[in-house]
Amino acid sequence: MTAWQSGGAPKVLKETTLASGTRITLYTGKPAWDTNRTYAWAQVRFGTGVTEGRVWLRAQENWGDGINITTTLEHPRSYRDTTGTTGMFQYSTMAPRGAYANSACVTDGVERGCVASYGAEVAPVGPCEGWCSDADPDAIPASDWSYVDRPDYDRAELPSGAFVQKVDGRLKQGTYLGWAEGELPAGGRMWLEAWQGEGRWGQVYTEFTPAGASRTSTGSTRAYSWLPELRACVSDTTGTQCTKDEDTSATEPTQAPCATLPCTDIDPASVTEWMPNYEPDVVEDARIYLGGRLKIYQGRPAWDPHHMYYWGEAELPPGRDDASATLMKHASGGADSRKTRPEPLPGARLTASGTTKMVALDPLSDAEIAGLVVDGKKWAFATHQDDNIYQTSTEGPIGPCAPGQACEGVAPGSVTTWASVATDWTTATLPSGARVALAGSRPQWSVTDYYAWAHTDAQGVTAWLEDKSPGGSYEKVADADTMKATNGRSVRACLSDGTTTKCTAPLG
């Protein structure tokens, strides 16, 4: 940036330094090209010898009544692993739409420092935070434990030689942890179950831990500090066994409507009994204003204590062949092209009002549930991920291709409205002074895809966009000023005058 509004030049909002010499500074400023908003960004300088450093931006919102929501930005310019500056994002979370940043964090692998307008905090990078909702027991140094206990009575074995051991431990900081570990010579899985009450054991699920944290196919599960009644289970082709708990009287699960769990093609109305505390509940609501709607339900049938099931209930305008509602899944890291694009679930698409069949998501798949509803005029998309404690839904107009698909061959100049300001991410310059920019953003009509493109104003040169192929080499994916859906990390813009070629540095 070279031009700022009067009185809007960059100023330091807050900064802090780690013991390694790593320093993070949070700035705000008002660029000349936007007269209505203040922007924030972070600058980091990693200390000598830091090899596991990372800086990232966050948005913090105070909802009142002690509820504070912290969201990590997922954007190619919102984080970096080397010394330098992140991209600029809107500072105020009260703006009607866009990506916001009003705090930032940095880690050097030993400490983590976070800065915001109200202060700065530096803390050791420990095995877990707060109540240790989940921790990696293998990553905790032996010196941090007061004790680790592996009693014989908390061990279960299978004819194949596979076994699972429930382990209890206490950290010197005072936290008690429980987890499962074992060996699976013939494949299979091991997992933790928590006492559900009413005679039921069931898979550990919470809003605050990854869905697959209590299951594993190798090594050990994550460790939990707030579940006093746990048992460990192991399963492969030779059978299933769980450790015993003499203090609880368990009820056998009801007969499942299929031979192998999870069941498929099950009507939710046919389920007569649900696990305690996991009765059907609306977790997301993709809703178009004065248009279509898709409510996403979540529940755990009593006949399957190991999987969470989802289904959709759609309300679509009658008589339209361009209306639909689709249940989807995506990687937990994000519901867009910067991670893994959402994909429709088999048999979970409706073209008229009604209810889909139930779909189970494998906890080890790292998948999150989402839903897309289209009423012919607009679309709405909702996803249930991370620590959502309220329903969220985004809405947009129909674009040049079907909602949810990546459009090809679209010129950025044809986009009338962007979800956030389209900016140059980075540039490269030839010795002649000719310059190419790697630009990108998300059009308002795009459900989840971020687009990048190469742009130059120079004459007598050729510009294009490249991205990494599965083999690791760079390949041309688009001509100049042609948008391409991308994760933004490895994409680069290139420029050639016939003799010399220059490309922008990848953002990842």
Side-chain angles (χ1 to χ4, degrees), residues 109-110 123-236 238-253 275-277 305-307 363-364:
V110 178
V125 178
C128 51
E129 296 183 29
W131 59 31
C132 289
S133 58
D134 78 296
D136 183 357
D138 297 328
I140 301 175
S143 57
D144 286 354
W145 294 101
S146 293
Y147 69 81
V148 175
D149 189 22
R150 297 177 174 85
D152 292 340
Y153 58 81
D154 270 339
R155 180 184 175 104
E157 299 181 359
L158 296 176
S160 63
F163 75 89
V164 67
Q165 173 76 56
K166 187 172 83 72
V167 189
D168 297 305
R170 184 176 187 269
L171 296 173
K172 291 180 178 178
Q173 69 183 47
T175 301
Y176 292 87
L177 296 174
W179 67 96
E181 64 184 25
E183 293 182 4
L184 300 164
R189 295 180 177 187
M190 64 187 82
W191 65 91
L192 275 179
E193 291 188 353
W195 181 247
Q196 309 290 311
E198 301 180 27
R200 302 289 189 187
W201 288 94
Q203 170 97 22
V204 175
Y205 280 93
T206 82
E207 293 292 337
F208 305 101
T209 58
S214 60
R215 281 195 172 200
T216 184
S217 57
T218 180
S220 66
T221 68
R222 304 286 283 189
Y224 298 85
S225 68
W226 42 272
L227 296 172
E229 296 176 285
L230 291 172
R231 72 174 183 178
C233 300
V234 61
S235 179
D236 63 16
T238 64
T240 300
Q241 287 291 333
C242 296
T243 57
K244 309 298 183 183
D245 190 331
E246 303 300 332
D247 296 328
T248 57
S249 178
T251 302
E252 288 298 317
M275 290 290 289
N277 303 314
H306 312 306
H307 298 89
L364 285 185

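Small disclaimer: the values here were computed from a predicted structure and weren't measured. These values consider heavy atoms only, across backbone and side chains, with no hydrogens, waters or symmetry-generated copies.
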**Student:** Which heavy-atom pair separates Thr221 from Met190 by the least distance, and what is that distance?
**Tutor:**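 Scanning both residues completely, I find the closest heavy atoms to be CG2-O, 4.3 Å.
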**Student:** Is the backbone N or O of Arg189 less than 3.5 Å from a side-chain atom of Ser235, with the two atoms forming a donor-acceptor pair by type?
**Tutor:**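 Judged by distance alone, no pair lies under 3.5 Å.
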**Student:** Would you check if Thr240 and Val234 make a side-chain contact, meaning some heavy-atom pair closer than 4.5 Å?
**Tutor:**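 No, side chains not in contact.
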**Student:** Mark yes when over 12 heavy atoms from residues, nucleotides or ligands other than Tyr147 sit less than 6.0 Å from its OH; otherwise mark no.
**Tutor:**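 It does: Tyr147 OH has more than 12 such atoms within range.
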**Student:** List the atom of Pro185, the atom of Gly161, and the distance in Å for their closest heavy-atom pair.
**Tutor:**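 Of all heavy-atom pairs spanning Pro185 and Gly161, the closest is CG-C, 4.0 Å.
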**Student:** Please report the shortest heavy-atom distance between Gln165 and Asp154, naming the atom on each side.
**Tutor:**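 Answer, listing the atom of Gln165 first, then Asp154: NE2-O, 3.1 Å.
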**Student:** In the structure I gave you, are the side-chain heavy atoms of Phe163 and Arg155 within less than 4.5 Å of one another anywhere?
**Tutor:**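 Contact flag for Phe163/Arg155 side chains = yes.
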**Student:** For the residue pair Trp179 and Asp136, establish whether any side-chain heavy-atom pair is separated by less than 4.5 Å.
**Tutor:**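 Trp179 vs Asp136: side chains apart.
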**Student:** Quick one: does Leu230's side chain get under 4.5 Å of Asp168's, heavy atoms only?
**Tutor:**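 A side-chain contact is absent here, since even the closest heavy-atom pair is not under 4.5 Å.
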**Student:** Taking all non-hydrogen atoms of both residues, which atom of Ala162 and which atom of Asp236 are closest, and how far apart?
**Tutor:**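 Heavy atoms of Ala162 and Asp236 come nearest at CB-OD2, 3.7 Å.
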**Student:** Can you sort out the partners of Pro159 under side-chain contact (heavy atoms from CB on, under 4.5 Å), two or more places apart, ordered by chain and number?
**Tutor:**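 In terms of side-chain contact (heavy atoms from CB on, under 4.5 Å), with neighbours along the sequence ignored, Pro159 is linked to Thr238.
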**Student:** Decide, yes or no, whether a salt bridge links Glu181 with Lys166 under the criterion of side-chain N to carboxylate O below 4.0 Å.
**Tutor:**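 No, this pair does not count.
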**Student:** Is the side chain of Glu183 donor-acceptor paired with the backbone N or O of Val164 at a distance under 3.5 Å, no angle test?
**Tutor:**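 Side chain of Glu183 to backbone of Val164: no pair is present.
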**Student:** Taking side chain as C-beta onward, heavy atoms only, is Glu193 less than 4.5 Å from Cys233?
**Tutor:**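 Yes, close enough: below the 4.5 Å cut-off.
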**Student:** Between Thr243 (side chain) and Ala232 (backbone), is there a donor-acceptor pair under 3.5 Å?
**Tutor:**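 Yes, Thr243 side chain to Ala232 backbone: donor-acceptor pair under 3.5 Å.
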**Student:** Report yes if the side chains of Leu171 and Ile140 come closer than 4.5 Å at any heavy-atom pair, otherwise no.
**Tutor:**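 The answer is yes; the side chains approach within 4.5 Å.
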